[in-house]
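Numbers restart at 1 for each chain; the letters A, B, ... are given by sequence-line order, proteins then strands.
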Number of protein chains: 2
Amino acid sequence: MIQSQEFQSIIQAFYDAKDEQGIYETFDHLTYFLGFKYFAIGHHVDLLNPPIASFGISNYSSGWLNEVFHERYFMDDPIHFLCNGRHAGFAWPESHLLNRLNERHRHILERGALRNFQSGYTIPVHLPGEYSGSCTFATPTSGTIAHNVLPAAFFAASHAFEAIRRLARTAAGLGLEPPPQFTDRQREVILLMGQGKTYAEMGMILGISRETAHQHCKLVFRAYGNIQRCNLIARVLYDGIASFPEMLRKQ
Amino acid sequence: MIQSQEFQSIIQAFYDAKDEQGIYETFDHLTYFLGFKYFAIGHHVDLLNPPIASFGISNYSSGWLNEVFHERYFMDDPIHFLCNGRHAGFAWPESHLLNRLNERHRHILERGALRNFQSGYTIPVHLPGEYSGSCTFATPTSGTIAHNVLPAAFFAASHAFEAIRRLARTAAGLGLEPPPQFTDRQREVILLMGQGKTYAEMGMILGISRETAHQHCKLVFRAYGNIQRCNLIARVLYDGIASFPEMLRKQ
DNA sequence: ATAGCAATACCCAGTTTGGGTCATAGGCCG
DNA sequence: CGGCCTATGACCCAAACTGGGTATTGCTAT
C-alpha cells in the first residue's frame with residue numbers, strides 16, 4: 001500500500017492543493033484508499049467562534065454536523081479529549097481509553113455511534129504556539145481496524161495537516177507570532193511561580209531579594225502582554241517554555 | 001514491511017521495555033529493520049544540564065558525542081531547529097530545508113557529515129507541557145532515502161517516543177497519586193482561574209456572587225491539599241482535569 | 001426522615017500581587 | 001568607547017487573594 005505510486009501521489013496532492021476544495025477532494029481520495037468512509041481534520045477550537053488561521057474540514061453528514069453544532073458537542077469531544085498529552089495515533093473505541101472519559105464524553109461517543117461512527121483512528125497534532133488539532137478516519141462498521149493501514153494513515157494525516165496549516169496561514173496572512181524568549185533567570189521564576197511560590201520565597205530560593213524576583217516576574221508578564229499569573233502558567237506550558245516535570249517537581 | 005509480524009512486535013517491545021537498556025536494544029533492532037545505521041531519540045534540552053524527566057538515547061559514536069558535548073552543538077542542532085513548528089517528519093539533507101539554517105547550523109551539519117551522518121530522516125515530537133523532542137534515523141551513505149520506509153519510521157518513532165515518555169515519567173515519580181474528582185462548578189472555576197480571572201469576574205461570568213466563586217475555589221484548593229493557585233493550574237493540566245484548548249481559548 | 005453533599009451567600013484579617021518608577025553594576029559587541 | 005541587555009535592588013499602593021469561619025437551600029441515597 002505504502003509502496004504504491006498512488007499513496008505517494010496523494011501525499012503530494014495535499015501540498016499541491018490550492019484551496020479547501022482541493023484538500024477536500026484529496027482527503028476523500030485518501031480516506032477511500034485507506035479503507036475508511038469518514039474523515040475529519042482540524043483544530044480543536046470553538047467551532048461557533050473559530051479563531052483566525054484555524055481550520056476544520058470533514059465529510060461528516062450534515063445531520064451529524066447539525067447535532068454537533070446545536071448540542072455544542074465540539075466543546076467536549078471525547079476523541080479530541082483523548083488527544084491530550086498524546087503524540088501517537090490511537091484506534092477507538094478501545095476499552096482502556098474509554099476509562100478516561102466522563103459522562104458527557106461517553107454520551108457524545110454513543111450519539112456518534114448511532115450516526116454511523118462505529119470505529120476509527122485518530123492522529124493528534126500538537127505544535128507549540130498553535131491550537132491543538134487532530135485528523136480522524138472513521139468507518140460505519142464496528143470491529144477492529146486493520147493494523148496495517150495505521151502507519152499509512154498516520155503518515156498521510158501528518159502531511160495533510162502540515163499542508164492545510166500552511167494554506168490556512170497564508171490565507172490568514174500570518175505568520176502567527178512565536179512565543180516570547182526568556183532569559184535563564186526568567187525561566188527560573190516562571191518555574192517557581194508554577195510551583196506556587198511567593199515573591200519572597202522565590203527570592204529566598206534564588207538567593208536574591210524579594211523585589212528582584214518581583215522584577216523578573218514583571219518582565220515575564222510584560223513579555224506575554226501583562227497577562228495574569230495563572231494564565232501565564234498555562235501559556236508557558238503550552239508554548240513549551242517549561243515542562244510539567246520541572247514545574248511539578250517537589251522541593 | 002509494515003504488514004510484517006516483526007514490525008508489530010518491535011512496536012510492542014517499546015511498550016514492554018522496562019528500562020533504558022530495553023529501549024536501546026529495541027531501537028537498535030528497529031533501526032536495522034528500517035535499513036538505517038544510527039538512531040537518536042530524545043528531548044531538545046541542554047544536555048549538560050538536562051531537566052528532570054527529560055531523556056536522550058542514541059547509538060552515536062562516542063567520538064561524535066564528545067564533539068557534540070564539548071562544542072555544545074546541541075544548543076544549535078540544525079536538525080532540532082528544523083523540527084520547530086513542524087509535525088511531519090522530514091528527510092535530510094534537502095535543499096529547501098537548508099535555506100532556513102544559519103552559519104552555525106550548517107557548520108554543525110558539515111561536522112556531522114564528516115562523522116558519517118550523510119543523510120537521515122527525523123520525526124519531530126511536540127506535546128503541550130513537555131519539551132519538544134525528536135527521533136532521528138541516519139545512514140552513513142549519502143543519497144536519497146527510500147520513501148517507502150518513511151511511514152514505518154514515522155509510526156514507529158511516535159510509539160517509541162510515547163513509550164519512553166511514560167518510562168521517564170514514572171521514573172521521575174510524577175503522577176502517582178490519583179487526581180481528585182471535581183464537580184462541574186469546580187471545573188468551571190478551575191478553567192476561569194487558568195484564564196486569569198478574579199473571583200469577582202468568575203462570579204460575573206457564572207452568574208453567581210463573588211463569594212460563591214470564592215467558595216468553589218476554596219474547595220478546589222482543599223482537594224489538592226491547599227496548594228497555591230498557580231500550582232493548581234499546572235496540576236490540573238497535568239492531571240488531565242482541564243485541557244489546554246479549553247483553558248487558553250479566548251472568550 | 002435524615003444525613004450528606006453541592007451550590008449558594010456573606011464576613012474578615014492578614015498577605016500577596018501587579019502595576020508603576022528608578023538606579024547601579026557587569027558583560028558583550030561593534 | 002558607548003550602547004544595549006541582563007541582573008540586581010528598592011519604594012509605593014490599590015486591588016486581589018487566602019483561608020479561616022457561618023449559614024441556607026435543595027437534591028439524593030440510605
Once you round it to whole Å, what is the distance between [atom2] of [N] and [atom1] of [X]?
X: A:M202; N: C:dT16; atom1: CE; atom2: P; result: 11 Å
X: A:L206; N: D:dT6; atom1: CG; atom2: C1'; result: 15 Å
X: B:Y224; N: D:dT18; atom1: OH; atom2: P; result: 16 Å
X: B:M193; N: C:dT17; atom1: CE; atom2: P; result: 16 Å
X: B:Q215; N: D:dG21; atom1: CD; atom2: P; result: 11 Å
X: A:M204; N: D:dT8; atom1: CE; atom2: C1'; result: 18 Å
X: B:L219; N: C:dG4; atom1: CG; atom2: P; result: 17 Å
X: B:L192; N: D:dA16; atom1: CG; atom2: P; result: 16 Å

Distance test, side-chain N/O of [X] to OP1/OP2 of [N], below 4.0 Å:
X: A:R222; N: C:dG19; result: no
X: A:R210; N: D:dG9; result: no
X: B:T212; N: C:dC10; result: no
X: B:T183; N: C:dC5; result: no
X: B:Q228; N: D:dG19; result: yes
X: B:N226; N: D:dT18; result: no
X: A:Y199; N: C:dG18; result: yes
X: B:R229; N: D:dT18; result: yes

Closest nucleotide among C:dT8, D:dT8, C:dC12 to the B:H216 side chain: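 Given the options C:dT8, D:dT8, C:dC12, the side chain of B:H216 is closest to C:dT8.
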Proximal nucleotide (of D:dC17, D:dC11, C:dT21) relative to the B:T198 side chain: D:dC17
Donor-acceptor contact below 3.5 Å, side chain A:H126 vs main chain A:R86: yes
Pair of N/O donor and acceptor under 3.5 Å linking D:dG9 base with A:H214 side chain: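 Per atom types, no contact qualifies.
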Side-chain heavy-atom pair A:M202, A:M193 within 4.5 angstrom cut-off: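 Yes. Closest side-chain heavy atoms under 4.5 Å.
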Chi angles and distances behind the ring-ring contact (aromatic ring centres under 6.0 Å, His included) call for A:F55, A:Y131: CA-CA 10 Å; A:F55 63 84; A:Y131 293 100; over 10 Å; no
Which residue lies more 5' along DNA chain C, comparing A:K218 with A:A200 via nearest heavy atoms: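 Mapping each residue to its closest nucleotide by heavy atoms, the 5'-most match is A:A200.
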Comparing B:D184 and A:C230 on DNA chain C - which has the more 5′ nearest nucleotide: B:D184
Gap between atom CG of B:N231 and atom CZ of B:R229 - 0.5 Å precision: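 Answer for the CZ-CG pair, B:R229 versus B:N231, is 13.0 Å.
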Identified ring pair (Phe, Tyr, Trp, His ring centres under 6.0 Å) counterpart of A:Y38 within the set A:W64, A:Y121, A:F117, A:F137: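 Only match with A:Y38 under ring pair (Phe, Tyr, Trp, His ring centres under 6.0 Å): A:F117.
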A:E162 and A:H159 side chains, donor-acceptor separation under 3.5 Å: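 The answer is no; no qualifying pair exists.
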